[in-house]
Amino acid sequence: MSVEPPEEVIVGLPALDESPSASRRVDLRGEPLVPAVEPVGFVDASVEATTKRAWLVLDDDADVALDEFVVAAQRLADDSMLFHYGIVLEAGGRVEGAESPSSTRWINAATLPGVRARRVEVQWLRTVPERFLPPLSGAPVWRAVGEHRTRALYLDQMSDTERLPLGLDMTGQPVFCAFSFINGDKGGHVSISGKSGVATKTSYALFLLYLLFETSWGLRVRGRGAASDRAVVFCVKGEDLLHLDRHNTAFAVGTARGDEARAQWLALGVESPQPFRHVTFYAPRAEGDDATTHVANVRTRDRTAVTVYGWTPEAFIRQGLLAYVIDDLDSGQVAFIEQVVRLQLLRWSFPLAGDSTGRVVLTDPVDRGLVVPRVWPKAIRVPKPPLTAADGVVVSDFAELIEFIADKVIEDNPGFDPSWLGGVGSGTVQAFVRRLWAAEPRLRPVVGAGLAPVSLGDAIAVVDIHALHDSAQRFVVGALLERVWEDHEHGGHAGRTWVLLDELNKYAPRQGRSPIKDLLVDIAGRGRSLGVLLLGAQQNPSGVDPNITGNAALHVVGQIRAQEASELGFLPAELRERAQLVAPGTMITSQPLIPTPIPVRFPFPPYATRVDEVDAGDDVAEGTDLLEGM
Amino acid sequence: MTSMEIYAEDWAPTREPPAMFDMDGTDAVRPVESETWLDVPPAAGVAVPLAFVDGTRRVEIGLWQTDAAGKSMRGLAGVYAVGATVCRPGIPAEFAGIRRARVCIWGGGLTGDLGPVAGYHWVSRSLGTTDPDAPLLALQELMRDAEARLASDLAGMGWQVVLDGPLNHLRSLHHMVAGFAKTHHRQLYPDDMHLRVPGLPLGHRSALWALGEDRFTCYLRVGEPTAVGSPWSGIVRLELPAFAGFAAARAAADQLAGTLPRFAGRHHIDPRAPANLQPIRALEQHLGRLLGPSRLANQAGRAAVAHLQAVVPS
């Protein structure tokens, strides 16, 4: 057997100085951007690493938690460097060698060999340069800090003047959003989803609003036109939002919570956060309020600190608000008669001579020798001379208005006039009138002579609607938004109007149609180009018209019900599960520039968001002011 | 009853020891570095390019051949593959020098290729002996020879070779080839020193002794045993060629003692850890894959036999 058998050479012999091409890929020496510190782990070589995701095996000395940002480096075939930036979505570990649960005991007793392996799963946010290549299995991975964090969060693609903080990441550093994606330039609107009570939807919306209107961030990002920017905040739960201008007692210096919150605000670049300063409060008048005093229906705030709002009969008619009175306008032919009555009211209404409280005199314009067209835009431009009470029917409140309408549309009434019917049958007329009478007690607080509208000249107007019936809430929201929309669509308002509205599912439900839903859908679709931007919130995104949530550029999710998670298709499966148990104060943000949602924390507010948070000093000050004013 | 210590063997009980045919003979041993026990700590050596050489073989079909006189001879068709894992500082380890051969080994001076069939071709090798175990031993020897040739080739190129097993199969020793014996078939040291071998700490080696006229040898701990494992687990024996002189052998032993523990096998992955080094285990698995599916080889072998039966009817 001295002759060697014919051997097939499958791999040749390597020269000592012959470096395999694969070795070049992991040779990162001399690359200035490769971190000089030890890596926290390596791309797991035992499983597939893809362009979307990879598992990282952690070094024994490193603890890497969910939501942390990491960077992996490799050298490409052309000798250039490629960096992968990712966020940790899941973490796990096991002892390799343990083949059954009982193995754990023997490994702990050191009678069975085992090696502890800890891994984290990463979703890649970005590669620099933009090459759709997977990370190199076995490549080192570091925490993304400094320049790498800048790249991971796309900060290099946001100018200094458009960075708006969304909160702090899990290491306490700010996460930013490009303001151009929420101010309407490239995108607009914010959609916030989460359970009531624990998801802190309103708290987060207020946090954004505070940054926009009360900090240098807001001034910087809003830029030119900032002075004309305004916000309308609807207060739907208790009187919580009527205290935004007062100090939060839990924010006090020296308390653990206060100090932590101050540190977080400082990390956000807000050195000395104070309560809202540029805010005005509005509430409906109290039940039983007479027509002249207009006392606000608030219990937790001095009533002089709150302005009563509402619509006079004249404003109600001239703004065409009848449409917002009826919730189910699309049922049957009610909409037909509503349109006719709305126009007829406009045509028939005249100012009451000597009155400055918005009463109107309703009478046939023909009898006054006036030709009022039957087209709304033309009819509203017809100048009307003041009339006396003897010239027609004087309307001072909503009840009198309905009474007049009923007299005109019900056949047996003395004032019956077929020109008010729109050709609908008596059944539709009855349905229409029934709805108006049902709405009367609900709208009574907000429609009446002498009531003043919400001033849209304020920087932030907080409009309390919580004590109103659902129908009245919809009316107020619809009426106010109609005015805002009109301001922007035809009035050419210079700035932007931010509308903070919770319970969107109530105003723009997925099923059915209504004037307010149509308006909200219109705002969602065209608002960003016209400067009306929604900060919408909802407990159940499945209950909101998808045209509204779908148009939002920035999505924010707090704790959410399991059955709603399927609505949040933009969240990876892990974050959908986490969204069901995130703690208050943590929100998951999804913005257009960053392809993966980023969980953030936002700080406890310096302003009171509940009456029991109001600092005692503020209560005393308000009492003193009140006494001095008497 | 005297007190006893009992240990579990850190070795896969189902596997035959890799050196079962490599009994080291009875070459005389004598001390060259120290006549008394010596515990040499690892030197902080510079990492050098290492080539770990190993091979694997498989019997793919057993054969019988009967001559005109009715005398039967055993044979076999088998395959072996040898190769190396080369490890250099800063460069990923890779497989190199992979070679494979299929042979048909006959006893009693008989000859005859098997195949080619379906891409399988076993080239005839003839043995003079009629010992029925001879073909299997011959296959093992062919593999060992191939390993030795590969080791010499790599050493000639400048690689420090760690050859799996003792050096007694090398026709001509090369000063860059070291033998790496994982199993211990004979006691080399006197009793008192032999008892101290398992006490070597990680990376420490014992004194170099001469093994016959052409080799030096010493024990080295490359890894720790498991909690219940034998103290001998993790002890390997290095063999170094003597012709380059004692100083060169000692330098190589120190170099390897400082280097090899890094490559120790992991208990939870390899039942023959830690002595079965990671590069060796990976190479064994790689070579195993290169042998191809044994079922297909067996089918091809049977087809080849059927073909021969049809051509040469009995």
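By convention in this document, chain letters (A, B, ...) are assigned in the order of the sequence lines, proteins followed by strands, and residues within each chain are numbered from 1.
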B:A51 portion near chain A, given a 4.5 angstrom heavy-atom threshold: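 For B:A51, neither part sits under 4.5 Å from chain A.
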task: Let me know if B:R100 has heavy atoms under 4.5 Å from chain A in its side chain, its backbone, both or neither.
output: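 Its backbone and side chain both get close to chain A.
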| said: A cation-pi test, strictly: NZ or CZ of A:R126 under 6.0 Å from the centre of the six-membered ring of A:Y154 and no more than 45 degrees from its axis. Yes or no? | reply: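 Here A:R126 passes the 6.0 Å and 45° test against A:Y154.
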(Q) Looking at chain B, which one of A:V95, A:L16, A:L13 has the largest number of heavy-atom pairs inside 4.5 Å, strictly under? (A)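 It is A:L16.
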Item to complete: Scan side-chain atoms only and decide if A:T50 and A:E48 contain a donor-acceptor pair under the 3.5 Å cut-off.
Response: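 There is no such pair (donor and acceptor under 3.5 Å, judged by atom type) between the side chains of A:T50 and A:E48.
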Inset, instruction - Say whether A:S103 and A:S100, considering side chains only, have a donor N or O and an acceptor N or O under 3.5 Å apart. - result: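 Yes.
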Out of B:R58, B:R57, B:R125, which one pairs with B:L139 under the side-chain contact (heavy atoms from CB on, under 4.5 Å) rule?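 Single pass found, and it is B:R57.
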Exercise for the section: Count the heavy-atom pairs under 4.5 Å between each of B:G97, B:G83, B:A101, B:A81 and chain A, then report the option with the highest count. Expected result: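 Looking at each of B:G97, B:G83, B:A101, B:A81 in turn, B:G97 comes out on top.
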